[in-house]
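Step one of this worksheet: look at the structure below.
In this text, all values refer to a predicted model and were calculated from it rather than measured experimentally.
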Amino acid sequence: MSNLITADLVDLDLAATTKEDTVRRLAERMVTAGRVTDLDGFLADVAAREAQMPTGLEGGIGIPHCRSEHVTEPSLAFGRPTEPVDFGASDGPADLVFLIAAPAGADSDHLSILSGLARSLMDETFTGALRAVDDPERAAALIRGESEESEPSQASEESQELEKSQASAPDGAAGAAASRPFRIVAVTSCPTGIAHTYMAAESLENAARAADVEITVETQGSAGFDRIDPAVIEAADGVIFAHDVEVRDKGRFAGKPTVDVGVKAGINRAADLITEVRAKAARGETTARSTGGSPVEETGSNGDGYGTRLRKWLMTGVSYMVPFVAAGGLLIALAFALGGYDITDAPSVAEQFSWLDSASWAALFFQVGAAAFGFLVPVLAGYIAYGMADRPGLVPGFVGGAIALTIEAGFLGGLVAGLLAGAVVMAIQRLPIPDVLRGIMPVVVIPLISSAVVGFLMFVLVGKPIASAQSALTDWLSGLSGANAVLLGALLGLMMCFDLGGPVNKVAYTFAAGGISVADPSDGALTVMAAVMAAGMVPPLALALATTVRGKLFNKTERDNGKAAWVLGASFITEGAIPFAAADPLRVIPSVMAGGAVTGALSMAFGSTLRAPHGGAFVVPLIGSPLLYLVAIAVGTVISATLVILLKGVGKTAPATVAPAEAKSAEAALPA
């Protein structure tokens, strides 16, 4: 870290009471030092990263960080607030704050800074010295690893690397096997794949060293990961998973005593986890999952709550399904544009196709798009099961999804089939398996048993009630009119604009897309699809309009994003508003939700219909009542843009005061 931090990037008496003010004051030091070229643009990038997940860590530490085009070189600023500041950690506010800035695209620099710092923060000697130091130069030297206080940590890291290499080396003499230490392989990961990932790894390595245990940790970070040598996994006596996202290629560790917990447990209870996996090995519990409770309950109790894990599983399925929706939907929309709605009755192009006939091309596009649509429910179910049980969940998930189509259980059937398939596979993986069967478990036993069980459940037990519920939902949509339709449109509009492409947005979108994915969608389903797309177009269009009308309320980066937002909004890419919402969520999100609700309600009131699940302004010719539909979008856009402008105008504050010399330097560093 020799070039990352200097004394002028250290503030040992940081006078700030909020997270935003703390970050701003440290960022101003980076501007003064010439390491950041646009203060507001950089702060917007930090806020966007903070919106993904709080950067507070246990032990009174905050690590706000981002990659930004406004950063000239990897940099680290350190502040010690006079009063602890809340960065979202579960154990309270932070009294040590590290602002990390990396140039855009400099992933290796960014991650090396974060991972190295995260590991150092697990050393109480290091953090204690930072709390006691009284000179900025000494603090910078301590963070760079140049002072005496950091030597134990450095020595510890060298010792740790030596032990890791010894753990991965082949056994020596044959007699050494009996006396060798207990061996563990571990995987750590967190949603962002940065700080918590490496802190958990460091904590496990420290606890293993104290317990005279050999450990090799695979950190599955945001820049990928280096796989543990298969020979090391084979020689291991136990496995520890400390993760908040699904472990990649988990099947490599099958057949070992396993402890499966959240990443925070890996940081806070590392010694207990090592004790637990040793106890399992002593009892001969060679399972792929920790014991206790049903598979779904077990996974829900580790790290994240059940609701959070369920959301992740469902979002995994939706994320894989959406490309099928987009491709199939746009092909169908193009078919309707070329051949009209009667193209649905065209004969198969495999039997009848003319190169010079536009109707043949329309039939081709429709039939290819319909084929893509045919995968929606199986893909949804298959990848929900994949999110729960990794690759073994794919076969029963796809089978269950296909059965859901066969019995006309639709979108709801796909959701249930995916969850059932994942749970069944997880249950099978928990069973003690004889050594002779382990080799064929992933390719024969698990697919065979899980597919049979899921098929039985879908055909005989749960499929028919779900199909009835799906039919009732379809009938309800078909009968919507008047106030009920308007209220549904407003609700869908609120959902589309609440998290701008996040889970709530995807629930509303998937609900609408599932309704029109059937062979003969009802008018109610078509109006729902129209309302959802109209509302989803409002946020980026509104922010684009606001930056055009009152550009002074936005920084240069936001004004540039506003130009792109015109195209994104017209293309029905709601995520185009995320940079604005991340930088100012309390003003932007309520504003776009208001406009989205009005647009959804108006679209339903006008009776506009849509047969394509995507396309934005490019499929307007396929929309029923297109002029009124555009009016609904325009009204919502104007309402949201007006609210954003009003709220930003009322809440506009003067920039934080800095010392005259600092202000002069900062001003010189900023672009004209």
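The closest side-chain heavy-atom distance from Leu338 to Ile343 is not below 4.5 Å. At a threshold of 4.5 Å between non-hydrogen side-chain atoms, the residues Ile573 and Pro540 do not count as touching. You'll find the side chain of Phe241 stays beyond 4.5 Å of the side chain of Val259, heavy atoms only. Inter-residue side-chain proximity for Leu457 and Val453 is flagged as met; some heavy-atom pair is nearer than 4.5 Å. Using a 4.5 Å cut-off on side-chain heavy atoms (C-beta onward), His243 and Asp260 make contact. Between Val399 and Val454 there is no side-chain heavy-atom pair separated by less than 4.5 Å. The shortest side-chain heavy-atom distance between Thr637 and Val538 falls under the 4.5 Å cut-off. The shortest side-chain heavy-atom distance between Pro396 and Val424 does not fall under the 4.5 Å cut-off.
A distance-only check finds a donor-acceptor pair linking the side chain of Thr574 to the backbone of Gly536 [under 3.5 Å]. Here the side chain of Ser348 pairs a donor or acceptor atom with the backbone of Ala350 at under 3.5 angstrom. Proximity of a side-chain donor or acceptor of Thr527 to a complementary backbone N or O of Gly607 within less than 3.5 Å is not detected. In this structure a side-chain-to-backbone donor-acceptor pair under 3.5 Å is present from Ser468 to Lys464. Side-chain atoms of Tyr629 come within 3.5 Å of backbone atoms of Ala530 as a donor-acceptor pair (strictly under, hydrogens ignored).
In terms of heavy-atom proximity, Ala581 sits nearest to Ile589 at CB-CG1, 3.9 Å. The shortest non-hydrogen separation linking Ala372 to Phe324 is O-CD2, 3.9 Å. Summarising the geometry of Gly393 relative to Ala385, their closest heavy-atom pair is O-CB, 3.1 Å, with the distance given to 0.1 Å. Between Ala404 and Val377, the closest heavy-atom pair is CB-CG1, 4.0 Å. In this structure, Met426 and Ala389 approach most closely via the heavy-atom pair CG-CB, 3.9 Å. Across all their heavy atoms, Gly463 and Ala409 have their closest contact at O-CB, 4.2 Å.
A distance of 9.5 Å separates CE in Met537 from OG1 in Thr599, rounded to the nearest 0.5 Å. Here the CD-CD1 distance, from Glu218 to Ile228, works out to 5.0 Å after rounding to the nearest 0.5 Å. The line from OG1 of Thr258 to CZ of Arg430 is 12.5 Å long, rounded to the nearest 0.5 Å. Atom CZ of Phe459 and atom CD1 of Ile407 lie 7.0 Å apart (nearest 0.5 Å). How far CZ of Phe456 is from CG of Leu420: 12.0 Å, rounded to the nearest 0.5 Å. In this structure, the separation between CG on Leu415 and CD1 on Ile384 is 5.0 Å, given to the nearest 0.5 Å.
Relative ring orientation between Tyr383 and Phe398 is described as perpendicular, the plane-to-plane angle rising above 60° on a 0-90° scale split at 30° and 60°.
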Next on the checklist: One pair to check against side-chain contact (heavy atoms from CB on, under 4.5 Å): Val635 and Leu602. What are the steps and the verdict?
Outcome noted: CA-CA 9 Å; Val635 170; Leu602 287 176; 3.9 Å; yes
Checklist entry - Are Ile446 and Gln429 close enough, and set up right, to give a side-chain contact (heavy atoms from CB on, under 4.5 Å), and what steps lead you there? => result CA-CA 8 Å; Ile446 292 178; Gln429 290 176 326; 4.2 Å; yes
Checklist entry - Taking it one step at a time, do Leu331 and Phe366 satisfy side-chain contact (heavy atoms from CB on, under 4.5 Å)? => result CA-CA 6 Å; Leu331 282 170; Phe366 176 79; over 6 Å; no
Checklist entry - Could you walk me through whether Leu492 and Leu488 pass the side-chain contact (heavy atoms from CB on, under 4.5 Å) check? => result CA-CA 6 Å; Leu492 291 171; Leu488 177 62; 4.0 Å; yes
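Residue Phe365 places its CZ atom among more than 12 non-hydrogen atoms of other residues, nucleotides or ligands, all under 6.0 Å distant.
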Under 3.5 Å, side-chain donor or acceptor atoms of residues 354-361 against the rest of the protein: list the pairs with distances, not counting sequence neighbours.
residue: Asp357; atom: OD1; partner: Ala359; partner atom: N; Å: 3.0
residue: Ser360; atom: OG; partner: Ser354; partner atom: N; Å: 3.1
residue: Trp361; atom: NE1; partner: Trp355; partner atom: O; Å: 2.9

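Partners of Asn561 under the side-chain hydrogen bond (donor to acceptor under 3.5 Å, both in side chains) rule, at least two apart in sequence or in another chain, do not exist in this structure.
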